[in-house]
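To keep things clear, I will list the structure first and then write my remarks on it.
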Amino acid sequence: MRRILVTSALPYANGHIHLGHLVEYIQTDIWVRFQRLQGNRAIYVCADDTHGTAIMIRAASEGRTEEDLIAEMSKSHQEDFSGFDIEFDHYGSTNSEANKETCNEIWKSLNEAGMVIEKEIEQLYDTEKGLFLADRMVRGTCPFCKALDQPGDNCSKCGETYSPKDLIDPISKLSETVPETRTAKHLFVHIEKLHEFLDEWTQSGTLPPESSNYLKNYFLNEKLKDWDISRPSPYFGFEIPDSPGNYWYVWFDAPIGYIASTKEWCNRENENIDDWWKNDQTEIHHFIGKDIQYFHTLFWPAMLKTSPYSLPTKIHIHGFLTVDGEKMAKSKGTFIRAATYLKHLNPSALRYYYASRLSSKVEDIDLNLEDFANKVNADLVGKVINLASRTAKFVSDSGLSEKYPDDGGLFESAAKEGNKIAADYEAGNYSHAMRRILEIADKANPFVEQNAPWELRKDPEKSKELQDVCTIALNIFRQLVIYLSPVLPSLSKKTEELFGEPIQSWDQSLSPLTGIKLNKFKHMMNRVDPKNIESMTEESKEEATKELASTHVEAKSSNWNDSGSPLEEEPLSEEISFDDFMKPDLRVARIVEAKEVPEARKLIQLTLSLGGDERRNVFAGIKSAYEPEELVGRLVVMVANLAPRKMKFGISEGMVIASGPGGKEVYLVSPDEGALPGQRIH
RNA sequence: UGCGGGGUAGAGCAGUUCGGUAGCUCGUCAGGCUCAUAACCUGGAGGUCGUAGGUUCAAAUCCUACCCCCGCAUCCA
């Protein structure tokens, strides 16, 4: 019997659980249930991730304490999880005594190993709010390209990265005041010291190969940067014991929450934490998304390495969720909260669909809503459950045959298949497992067809034969449910009720049930109705609009009913004076030539005429939306006094004006009929 | 340009480890059945397996080169 500790990443207390989160928790829950079915001892712990500036600011803006906020979110998260049959042995919080204690302990080990160093860094400080500003809390003018209103870490216009203190005219997003530069002492973990260990550990098979490669080529091929682990007061988190006024950065105490949550479980269950976190016979499995692999594959092992706790046995990394092939988008109603889903659809359907898409690879999975309904209905209702619903009532009086009849090897070959299915589950290749399981169902349905129990029923002399056929179909059904039970605990429960026999072990798939009475067959699962999918996305859209209305000053009602999402995605910039407006010199220009730039992915090279002999060479990032030929001759609006900019393919002497999010959606602005090249726009 | 993933029927995908009749689901066409939640069963049409070359008796699978798509990084807007 293996002893296995399993975790999922800790969801942040600043937001609700949505379908993207659920990929991970469903994936993990399936794995845990599978391990238990195999007879292994597996416990599943998780917790809310509660610290950081975002929580602090939100609590303040809602006029309540952080504790109040995180308590409410924890309750909401747990309700969502349980609604999807995701069962934790313990669900804790990073804001707990156990976590504080464990942080201290790990901190001590890091210090003793000489891993902690102190550096002075300059940071922007909001004098009105009295706090240091995180990069994203500042906006200002880009020091490189002079673009206005850029975030504190990198410029969305020129893409340069910089430190917020380099911004020209920085403004605090919190108070709208001008922050000042102050120096502060920060503590860093010098993980370069463990470079060699990390080189080895990341290649040791603990990670999926895609991730090992990524780390090797991207982080581990140069010196590892010191990790800034402290944040100055005020900060919602734990104060660092030997550095008053400084707090641990949320990413320090978050993974430690795995240990702390286990400790709490141990206290409750009278278990010994050392058996779980300090014993090399215990396997530790983390399930995470690819967005946080950096923390779990470099910092976390480094922290553990110097501590008395065990390193993880395996890190399972999944990709992101897309809906209908695109990123989840509030405006399209595909940003779906767990709670919203549950109002309209059956959690088992989503569990099965995710299972049928998940593999051990680090790849994004797509929730194609049409395919989702199709697959769940065809596979689960039409094939698997159908086996029982079309035969159970024929044996409601007689029960199952005393002796398992000759089925031509159906049951036995399906029992043999069990090993392969189990191997697929173990490796995280759920999609393979689902495929194999459905293949069995695909053999069983023709069997029923050929033996036509509805015909046998008509002839009293064939009652034994009828009972045999149904015994076979129902046993194969039960076998399928055993294989599916990690994915579909609720189907498993209903099957237990039908047979009056609990499903507790994988090996139950090896021997058929005989000679028992069945309970009355009840519907086991409803079909997914596309109407419910639609009402779910509709409601998600409405939620998003409401949210928008409450965060933006006023949502003007209009007859045109335009969506609010473009504004949401790119909020209005700060107010400017008339003089500011007069700075950009916008001119009508005619495109006199348009050329492909073969090596460029996004650019078209334009020659613009401002009338007379005035010509400008401009590179415009509109290749994905326009063909050069269709551009020649048309009028556009250009920024004529923009400083020339050297680009990879030449010098660009201005910009043409366009709207749209990019890609195929780029819309050049044209003047109305009659405008002349060279005219200024005022 | 770098790293990773991908290109197989109208759509979505499996098969590639270890070469041997190209398969599944949906859709579509024809038929069957009426036990089952408009379900299920049988059969058909639909594929130059991204391109070119190579190895081999035999290539979707192995080798070489190239093209295209997606993500991340970079460049750029």
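Treat the numbers as computed from the prediction; the structure is a model and nothing was measured. Letters go in sequence order (proteins before strands), and every chain restarts at 1.
Residue A:E426 qualifies as enclosed at atom CD: its count of foreign heavy atoms under 6.0 Å is above 12.
Atom CG in A:D379 sits about 15 Å away from atom P in B:rA14, given to the nearest Å. Distance CG (A:N386) to C1' (B:rC40): 6 Å, rounded to an integer number of Å. One atom, CG of A:D371, and another, C1' of B:rG27, lie 12 Å apart when rounded to the nearest Å. Separating the NZ atom of A:K462 from the P atom of B:rC35 is a distance of 16 Å, rounded to the nearest angstrom. Atom CG of A:N445 and atom P of B:rC41 are 5 Å apart (whole Å). Taking atom CD1 of A:I365 as the reference point, atom P of B:rG12 lies 17 Å away to the nearest angstrom. Whole-Å rounding puts the A:K494 NZ to B:rU37 P distance at 15 Å. Distance, A:Q293 CD to B:rC72 P: 13 Å, rounded to whole Å.
Going from the C1' atom of B:rC57 to that of B:rC68 covers 34 Å, rounded to whole Å. With both ends at atom C1', the span from B:rU55 to B:rU61 equals 13 Å, rounded to whole Å. Using C1' as the reference atom, B:rG71 and B:rA45 are 37 Å apart when rounded to the nearest Å. The gap from the C1' atom of B:rU48 to that of B:rU8 amounts to 12 Å, rounded to the nearest Å. For the C1' atoms, the distance from B:rG46 to B:rC24 is 15 Å, rounded to whole Å. Here the separation of B:rA59 from B:rU17, taken at their C1' atoms, is 16 Å to the nearest Å. For the C1' atoms, the distance from B:rG4 to B:rA11 is 26 Å, rounded to whole Å. If you take atom C1' in B:rA38 and the same atom in B:rC26, they sit 16 Å apart, rounded to whole Å.
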Strictly under 3.5 Å: I want the nitrogen or oxygen pairs between protein and nucleotides 3-9 of chain B, one per line.
residue, atom, partner, partner atom, Å
B:rG6, OP1, A:K361, NZ, 3.0

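Judged by Watson-Crick or G-U wobble contacts below 3.5 Å, the nucleotide B:rG31 has B:rC41 as its partner. Nucleotide B:rC76 has no partner under the Watson-Crick or G-U criteria, as no pair reaches both atom distances under 3.5 Å. Pairing partner, B:rC62: B:rG54, with both Watson-Crick or wobble hydrogen-bond distances short of 3.5 Å. Using N1 to N3 plus N6-O4 or O6-N4 for Watson-Crick, or N1-O2 and O6-N3 for G-U wobble, each under 3.5 Å, B:rG71 pairs with B:rC3.
Here A:D424 pairs with A:R436 in a salt bridge; the nearest charged N to carboxylate O distance falls below 4.0 Å.
Position along RNA chain B of the nearest nucleotide to A:Q450 versus A:S389 favours A:S389 as the more 5'-ward residue. For the pair A:H523 and A:D364, both in contact range of RNA chain B, the more 5′-proximal nearest nucleotide belongs to A:H523.
A donor-acceptor contact under 3.5 Å is formed by the side chain of A:E449 with the base of B:rG32.
For the atom pair NZ of A:K494 and NE2 of A:H523, the computed distance is 11.0 Å after rounding to the nearest 0.5 Å.
Using a 4.0 Å heavy-atom criterion, one finds that A:F394 contacts the sugar-phosphate atoms exclusively. If you check every strand for non-hydrogen atoms under 4.0 Å, A:M524 touches a base.
Side chain of A:R435, nearest nucleotide from B:rC35, B:rC13, B:rU37: B:rC13. Nearest nucleotide to the A:K393 side chain, out of B:rA14, B:rG71, B:rC35: B:rC35. Counting only heavy atoms from C-beta on, A:E455 has its side chain closest to B:rU34 among B:rU34, B:rU37, B:rC41.
Contact check, A:R357 against B:rC13: a side-chain N or O comes under 4.0 Å of OP1 or OP2.
Within the 6.0 Å centre-distance limit, the rings of A:F287 and A:W31 are counted as a close aromatic pair.
None of A:W300, A:F299, A:Y294, A:F295 except one satisfies the ring-ring contact (aromatic ring centres under 6.0 Å, His included) rule with A:W251; the exception is A:F295.
A cation-pi arrangement is not found for A:K375 relative to A:Y353, the charged atom failing to lie both closer than 6.0 Å to the ring centre and inside a 45° cone about the ring normal.
A donor-acceptor pair under 3.5 Å is formed between the side chain of A:Y341 and the backbone N or O of A:N346. The backbone N or O of A:I26 sits nowhere less than 3.5 Å from a side-chain atom of A:Y354 that would complete a donor-acceptor pair.
With sequence neighbours left out, A:K464 forms a salt bridge (Lys or Arg N to Asp or Glu O under 4.0 Å) with A:D468.
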